Amino acid sequence: MENKFVVNIIHRPELSPEYAEKALGGADGVRDESLDIFRFQQDTAHKYGLKTTIQITYASLFSDVIVDLAKQEHEQYGDEIGLSLLGLPCPEFKEKYKTEDFCIWMFDEATKREIIDDVFGKFYEKFGFYPESTSSYFLDAYTINYIKANYPSVKCAVATCWEEGPKAYHTCNNSWYTFMDGGPWNPWIPSKVNSHCPAADADDDAGIVAIPHLSRDLMACFDGNGSNFGTHPQNVLRGMIYYNEDGEYEYPYLYNLIDQYRHLAKYNDGYSYNMMFVGPGWLNRRGRWEAPYELLAKSYDDGMKYYGKLKAEGKLVDMTMSEFADYYRSIHTDYKRGECALWKDILYGSNKQYFWYADSALRTCFDFNQGGAMIDLRPYVARIPQTTGIGTDNVYDASYPYLIQINYRAGYFTHYAGAGTIKSCRVSARGQSADLCLCRTMAKYERVEGGVRLLVDPVTVTLGGLDVVIGTTITIPDGGGEVITERRILNDLGGESVTFEEYFTGGFGTTEYQADMSRLTLGVDEETMAFSYHGKKIVGENAARAFVTIPEVCTTVEMGGDNDEAEVEEGIAFSPVYRLAARKTITKGGVTTWLKLQKAN
């Protein structure tokens, strides 16, 4: 496949942006200004030869001006007219539903159905057809399944926002009561059971292609507040990532971020994707994020100009959302094939490097600044049948649970006994030991038959005066829910013994605080124990596997391979984690271990 960089430019005429009305002290003038901003965004994209998808909001459906403008833009430029489930809280909506709520995923199921039928019916009344795309910050599986069953023309949806979770909550002064962390960062075909999970096969296919709300910096966003790091100029200005030289504002980070997404074609068979979608509220003439209107408008124009330049050079293909859905399905005929991103630091210029991987069985991230340690893991294979909204156990927390998440549950570097969630390797010799988390390295990517492989640059660990040069290879089979790690000794140790302990320290949940772990079962082969917070262990010689079963997230985690010993250990109340380990002592050659995720009913 030839390299193809696909971009979705999405605009929504949000005539009653709730935050803008409150910030500006009332609705007077907001609608007119929002309409002007929408026109500006559309005109700017068209000026640089780019077509858009217009996501009509509920409020916009009551505006003949917006409806007529959308029809005109569709006829003249080929823009798609889609239907957004954002922008609900207009006077008409509040009067009809008697609520100040406005997030479709947070309503009870009966109200979700009523709102969807209302909005889609109004859209058909105005345009004479049903849309092929829709959008929200998050769409749960129930909502997607209902839309697809009743409005089958819909083939594409903005279905999650990759930067959410506790970090977003904290940076919104603990006032952003909606969490949706744990989904893919790139387009995916969602499962009928849980919209975060890529579908495992045709029977699991929810019938749409899902795209993220914004294309984010996959390092800066993970480590910090994602609202500051995205390919929309709004994020760059909010993050103050620009400078003023001789009176001119520039933002090289924005262009570097777009180019970083272009670079992902190297890891995804020649295909890469980028999108931009945000409402008009940030472009109001009073300015936002300490930026004057002139800079807001200039940044938007410059962003569109860069996309237009890439298109003119044959380096970019602009598509509408429905066009992209057709294209994505044409190149993603294998449900198990993963999305990959070997991501480098483009904000601070360090050598830090992450590798992101997501397929139908798992999402994970490796940090090569910590020797290739696994720092995030989501068990998609579990297909957790999570519902969201009023009347469920997840009114506002729609996140997909983690097993490892170093920013919520710490990693190697903790204040207490190193008991943070992480997967790494401890190497021992001559009575000393060191964790590969302490080794900074880099990795190379390669596609292999049935999966992907990471070749980690060798590192040297010195133990009691003995230098041990270690090479690491990480392999992920497509859709297998498995990670295979090989550690090899690359120098002559003169017959000295070295012990490799591959370990997995895990938790589960969606926030920093651990739920009760009393229902967990840990074991080595046939010997098991219930989690009791007493720090107990089971050690088995030449055992086939160490494992833990976590009913709350419908998952069993197993570790095994080429090992002399396998071990499980429960944490204590002050350190609520579990630990799996596989150990082997060698004088030369290598050690191979595997980590497997399986669904547990």
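Worth saying up front: this structure is predicted, and the values here are computed from it rather than measured.
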Should we say atom [atom1] of [X] is surrounded by more than 12 heavy atoms from elsewhere, each under 6.0 Å from it?
{"X": "Lys148", "atom1": "NZ", "answer": "yes"}
{"X": "Asp516", "atom1": "CG", "answer": "yes"}
{"X": "Tyr396", "atom1": "OH", "answer": "no"}
{"X": "Lys344", "atom1": "NZ", "answer": "no"}

Stepwise side chain to side chain contact (heavy atoms under 4.5 Å, CB included) test for Leu466 and Glu496: CA-CA 9 Å; Leu466 177 67; Glu496 297 234 23; 4.0 Å; yes

Set of side-chain contact (heavy atoms from CB on, under 4.5 Å) partners for [X], sequence neighbours left out:
{"X": "Glu569", "value": "Lys537, Glu567, Arg579"}
{"X": "Thr333", "value": "none"}
{"X": "Lys588", "value": "none"}
{"X": "Lys584", "value": "Asp562, Asp564, Ile586, Val591"}

Side chain to side chain donor-acceptor pair (under 3.5 Å) contacts in which one or both residues fall within residues 360-371, not counting sequence neighbours: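 Listed by first then second residue: Arg363-Asp376, Asp367-Gln370.
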
Would you please test Thr585 and Thr499 for side chain to side chain donor-acceptor pair (under 3.5 Å) and show each step? CA-CA 4 Å; Thr585 299; Thr499 300; 2.7 Å; yes

Polar side-chain atom of [X] near backbone of [Y] as donor-acceptor pair, under 3.5 Å:
{"X": "Asn563", "Y": "Asn542", "answer": "no"}
{"X": "Glu570", "Y": "Val577", "answer": "no"}
{"X": "Lys192", "Y": "Asp203", "answer": "yes"}
{"X": "Ser215", "Y": "Met275", "answer": "yes"}

Are [X] and [Y] close enough that their ring centers fall under 6.0 Å?
{"X": "Tyr169", "Y": "Tyr177", "value": "yes"}
{"X": "Tyr142", "Y": "Trp105", "value": "no"}
{"X": "Tyr380", "Y": "Tyr400", "value": "yes"}
{"X": "Tyr271", "Y": "His332", "value": "yes"}

Nearest 0.5 Å, what's the [atom1]-[atom2] distance between [X] and [Y]?
{"X": "Ile189", "Y": "Asp201", "atom1": "CD1", "atom2": "CG", "result": "11.0 Å"}
{"X": "Tyr402", "Y": "Asp181", "atom1": "OH", "atom2": "CG", "result": "10.0 Å"}
{"X": "Ile375", "Y": "Ile406", "atom1": "CD1", "atom2": "CD1", "result": "4.0 Å"}
{"X": "Asn194", "Y": "Ile384", "atom1": "CG", "atom2": "CD1", "result": "7.0 Å"}
{"X": "Leu455", "Y": "Glu486", "atom1": "CG", "atom2": "CD", "result": "10.0 Å"}
{"X": "Lys423", "Y": "Leu595", "atom1": "NZ", "atom2": "CG", "result": "6.0 Å"}

Could you check whether any side-chain heavy atom of [X] comes within less than 4.5 Å of a side-chain heavy atom of [Y], counting everything from C-beta outward?
{"X": "Tyr335", "Y": "Asp205", "value": "yes"}
{"X": "Ile115", "Y": "Ile104", "value": "yes"}
{"X": "Met180", "Y": "Tyr137", "value": "yes"}

Is [X] salt-bridged to [Y], going by a charged N under 4.0 Å from an acidic O?
{"X": "Glu502", "Y": "Arg487", "value": "yes"}
{"X": "Lys112", "Y": "Asp140", "value": "yes"}
{"X": "Arg383", "Y": "Asp204", "value": "yes"}

Could you work out, with side-chain hydrogen bond (donor to acceptor under 3.5 Å, both in side chains) as the rule, every residue matching Ser136, not counting sequence neighbours?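 With sequence neighbours excluded, Ser136 shows a side-chain hydrogen bond (donor to acceptor under 3.5 Å, both in side chains) to no residue whatsoever.
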
Considering residues at least two apart in sequence or located in another chain, which fulfil the side-chain hydrogen bond (donor to acceptor under 3.5 Å, both in side chains) criterion with Glu512?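 Result, side-chain hydrogen bond (donor to acceptor under 3.5 Å, both in side chains) vs Glu512: His170.
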
How close do Ser227 and Asn235 get, heavy atom to heavy atom, and via which atoms?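 Between these two residues, the closest heavy atoms are O-ND2, 3.0 Å.
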
On a heavy-atom basis, which atom in Leu580 and which in Ala546 lie closest, and how many Å separate them?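 Heavy atoms of Leu580 and Ala546 come nearest at CD1-O, 4.1 Å.
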
Using atom types as modelled, flag every donor-acceptor pair under 3.5 Å from a side chain in residues 436-447 to any protein atom, sequence neighbours excluded.
{"from": "Thr441", "atom 1": "OG1", "to": "Asp457", "atom 2": "O", "distance (Å)": "2.9"}
{"from": "Lys444", "atom 1": "NZ", "to": "Asp457", "atom 2": "OD1", "distance (Å)": "3.0"}
{"from": "Tyr445", "atom 1": "OH", "to": "Tyr267", "atom 2": "O", "distance (Å)": "3.0"}
{"from": "Glu446", "atom 1": "OE2", "to": "Arg453", "atom 2": "NH1", "distance (Å)": "3.2"}
{"from": "Arg447", "atom 1": "NE", "to": "Gly451", "atom 2": "O", "distance (Å)": "3.2"}
{"from": "Arg447", "atom 1": "NH1", "to": "Asp478", "atom 2": "OD1", "distance (Å)": "3.4"}
{"from": "Arg447", "atom 1": "NH2", "to": "Asp478", "atom 2": "OD1", "distance (Å)": "3.3"}
{"from": "Arg447", "atom 1": "NH2", "to": "Asp478", "atom 2": "OD2", "distance (Å)": "2.3"}

[X]: which residues meet the ring pair (Phe, Tyr, Trp, His ring centres under 6.0 Å) condition with it, sequence neighbours left out?
{"X": "Tyr261", "answer": "Trp343"}
{"X": "Phe355", "answer": "none"}
{"X": "Phe229", "answer": "none"}
{"X": "Phe531", "answer": "Tyr533"}

After noting the C-alpha distance and the side-chain angles of Asn150 and Arg113, does the key distance pass the side chain to side chain donor-acceptor pair (under 3.5 Å) rule? CA-CA 10 Å; Asn150 292 276; Arg113 296 193 301 269; over 6 Å; no

Side chain to side chain contact (heavy atoms under 4.5 Å, CB included) between Ile484 and Ile474, worked out: CA-CA 6 Å; Ile484 302 167; Ile474 301 169; over 6 Å; no

Check against side chain to side chain donor-acceptor pair (under 3.5 Å), Asp467 and Thr460: CA-CA 6 Å; Asp467 289 341; Thr460 300; over 6 Å; no

Go through Ser350 and Asp345 one step at a time and tell me if the side chain to side chain donor-acceptor pair (under 3.5 Å) criterion holds. CA-CA 6 Å; Ser350 72; Asp345 177 11; 2.7 Å; yes

Hydrogens and angles aside, do Asn394 and Thr388 bring a side-chain donor and acceptor to less than 3.5 Å of each other?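 Looking only at side-chain atoms, Thr388 and Asn394 do not form any donor-acceptor pair under 3.5 Å.
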
After noting the C-alpha distance and the side-chain angles of Trp356 and Phe222, does the key distance pass the ring-ring contact (aromatic ring centres under 6.0 Å, His included) rule? CA-CA 11 Å; Trp356 285 95; Phe222 181 74; 5.2 Å; yes

Students often mix this up, so state it plainly: with edges at 30° and 60°, are the rings of Phe504 and Tyr578 parallel, tilted or perpendicular?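 Aromatic pair Phe504/Tyr578 classed parallel.
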
